[in-house]
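Step one of this worksheet: look at the structure below.
Each chain gets a letter, A, B and so on, in the order its sequence line appears, and its residues count up from 1.
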Protein chains: 2
Amino acid sequence: MPNEPAHELRLTIMRLARQLRSQKAEGDITDGQRSVLFSLEDAGAQSLSALSARERVTPPSMNRTVGALVALGLVTRETASDDARRVTIGITDDGIRFVRETRRRRDEWFSSRLSTLTPEERAILAKAAPILKGLADK
Amino acid sequence: MPNEPAHELRLTIMRLARQLRSQKAEGDITDGQRSVLFSLEDAGAQSLSALSARERVTPPSMNRTVGALVALGLVTRETASDDARRVTIGITDDGIRFVRETRRRRDEWFSSRLSTLTPEERAILAKAAPILKGLADK
DNA sequence: TATTGTTATACTCTATAACTATA
DNA sequence: TATAGTTATAGAGTATAACAATA
C-alpha cells in the first residue's frame, strides 16, 4: 500500500473512533470512570494499585475515580480478606448493566452505519477486519 | 456483515485510534492545543469566536488555549483590520512545522505497521479504506 | 443596544507530598 | 522498615458570569 492511502486510512480510523467515542452512554460518567468500569467488567475485581497501574493513573487519582463510582453504586470497595491494607475494587450488577448498555449502544450505532453498505462492501470489510485487528495487536 | 464481526471491527478501530493518538508529537502540547493548531493549519486564520465554535469550546476557554499557543510561538493573535472588536488567530511557521512533524510521525508509525503485512493483506486494506471513509463521512 | 473578546471565579480531574494503618 | 491506601494541597483545563471596548 503506497503512502498516501496509508495517510487516508489513518485519518479515517481516527475520525471513526472519534464518532464512536462521542456516542455517549446514558448515565454520562467521565471518560476515566468509564474506562475503569470497562476494565473491571473485563478483567474482574482488582486492588486499587493494580487498577491505577492498569489505567496509568496515580493511586490518589484512581482513589477519587473509584470513590465517584462507589457513590454512583457502580462499583464496590472492600478491604481484602487476607491483607487488611489492601482494598478490592469490584463492579456491581448496576455497573455491569451500565457497561453492557454502553457497548450495546455503540455496536448498534456502528451496525446501523454498516447496514447502509452494499453486500460487496460488507464482504470487503469482513475480510479487512481481522487484518486491522492484527495491526492493533502488534 | 453479521453483528459479532461488527463488534470486533468497532473495538479494533477504537484501539488503533488510541494507539495512533498516543504517538506524541515532540513539543508535548495538550490535546486541545494540538486540535486548535491542526484546525488553523487546515482551515486558515479565524476569529476567536469562530475557532471556539469549531472546537466546541467556550470563548474564554479558547482564549486561554490560544494564549498558551501564542506564548509557545505557534500561533499569532492580531486585531482584525476591519473590526477592532475582532481578533484573528493565525498559525506561525513554527506552528505549521509542528503540525507537519506530528502528521509525519503518525503516518510513519502507521506505515511501519502496514509494512509488516503481506501484499494481499495490503490490497484488501486498500479496498476497505474508501468504504471506511464513506462510513465516517455519513 | 448588540457583539466580540477578556477577566474573575469556580469546578473537575490529575498530580506530588505527607500521613495512617498494616505487614 | 516497607507497603497499600488515603488525605492535603496544587496545577491544568474548562465553564459561567461579569466586564470593557467597539459597532
Side-chain angles (χ1 to χ4, degrees), chain A residues 18 21-22 24-25 27-40 43-91 98, chain B residues 18 21-22 24-40 43-91 95 98:
Chain A
R18 205 176 314 129
R21 231 179 4 260
S22 73
K24 291 292 181 219
D28 240 19
I29 59 179
T30 68
D31 288 351
Q33 288 166 6
R34 183 159 40 245
S35 181
V36 167
L37 218 48
F38 274 65
S39 191
L40 287 175
Q46 294 167 61
S47 72
L48 185 84
S49 52
L51 203 51
S52 60
R54 187 183 170 98
E55 296 286 316
R56 292 158 197 271
V57 146
T58 58
S61 183
M62 180 53 67
N63 199 35
R64 192 188 177 98
T65 301
V66 166
L69 289 171
V70 168
L72 290 169
L74 301 173
V75 141
T76 56
R77 171 159 47 184
E78 332 180 314
T79 304
S81 49
D82 57 333
D83 183 342
R85 291 173 304 182
R86 229 173 198 127
V87 150
T88 300
I89 320 293
I91 190 167
F98 184 95
Chain B
R18 203 176 314 129
R21 232 180 3 261
S22 74
K24 290 294 179 217
E26 40 179 325
D28 240 20
I29 59 180
T30 68
D31 289 350
Q33 287 166 6
R34 183 158 41 244
S35 182
V36 167
L37 218 47
F38 274 66
S39 192
L40 287 175
Q46 293 167 63
S47 73
L48 186 84
S49 53
L51 202 51
S52 59
R54 188 184 170 96
E55 297 286 316
R56 291 155 197 274
V57 145
T58 57
S61 183
M62 181 53 68
N63 199 34
R64 195 189 176 99
T65 300
V66 166
L69 289 171
V70 168
L72 290 168
L74 301 174
V75 141
T76 55
R77 172 158 46 184
E78 329 180 317
T79 304
S81 49
D82 57 333
D83 183 343
R85 292 173 303 182
R86 229 173 200 127
V87 151
T88 300
I89 320 293
I91 190 167
F98 184 96

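Tested against R77(B), the residues T88(B), I89(B), L69(B) include a single side-chain contact (heavy atoms from CB on, under 4.5 Å) partner, I89(B).
The phosphate of dG5(D) has OP1 or OP2 within less than 4.0 Å of a side-chain N or O from S49(A). Between N63(A) and dG5(D) there is no side-chain polar atom (N or O) within less than 4.0 angstrom of OP1 or OP2. Contact annotation: R86(B) does not reach the phosphate of dA23(D) (side-chain N/O to OP1 or OP2, under 4.0 Å).
For A68(A), the side-chain contact (heavy atoms from CB on, under 4.5 Å) test picks out Q33(A), with sequence neighbours left out. In this structure, R18(B) has no salt bridge (Lys or Arg N to Asp or Glu O under 4.0 Å) partners at least two apart in sequence or on a different chain. With sequence neighbours left out, the salt bridge (Lys or Arg N to Asp or Glu O under 4.0 Å) criterion links R85(A) to D83(A). In this structure, R64(B) has no side-chain hydrogen bond (donor to acceptor under 3.5 Å, both in side chains) partners at least two apart in sequence or on a different chain. Every residue meeting the side-chain hydrogen bond (donor to acceptor under 3.5 Å, both in side chains) condition with S47(B), not counting sequence neighbours, appears here in chain and number order: S49(B). By the side-chain hydrogen bond (donor to acceptor under 3.5 Å, both in side chains) test, T79(A) is found to be paired with no residue, residues two or more places apart in sequence or in another chain being considered. Partners of S61(B) according to the side-chain hydrogen bond (donor to acceptor under 3.5 Å, both in side chains) rule, which considers only residues two or more places apart in sequence or in another chain, do not exist here.
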Protein-nucleotides 21-23 of chain C N/O pairs closer than 3.5 Å?
unit_1  : atom_1 : unit_2 : atom_2 : d
dA23(C) : OP1    : A84(A) : N      : 3.2

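Taking atom CD1 of I29(A) as the reference point, atom C1' of dC13(C) lies 14 Å away to the nearest angstrom. Atom-to-atom, CG of D31(A) to C1' of dC13(C) comes out at 11 Å; the value is rounded to the nearest Å. In this structure, L48(B) places its CG atom 13 Å from C1' of dT3(C), rounding to the nearest Å. Atom pair E55(A):CD and dA15(C):P shows a separation of 12 Å (rounding to whole Å applied). If you take CD of E78(B) and P of dT4(C), they are 19 Å apart, rounded to a whole angstrom.
Distance check: L51(B) CG to L40(B) CG gives 5.0 Å after rounding to the nearest 0.5 Å.
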Self-check item: Annotated protein contacts, base or backbone, on nucleotides 10-19 of chain D with a non-hydrogen cut-off under 4.0 Å, one of B, S, - each
Solution: ---BBSBB--
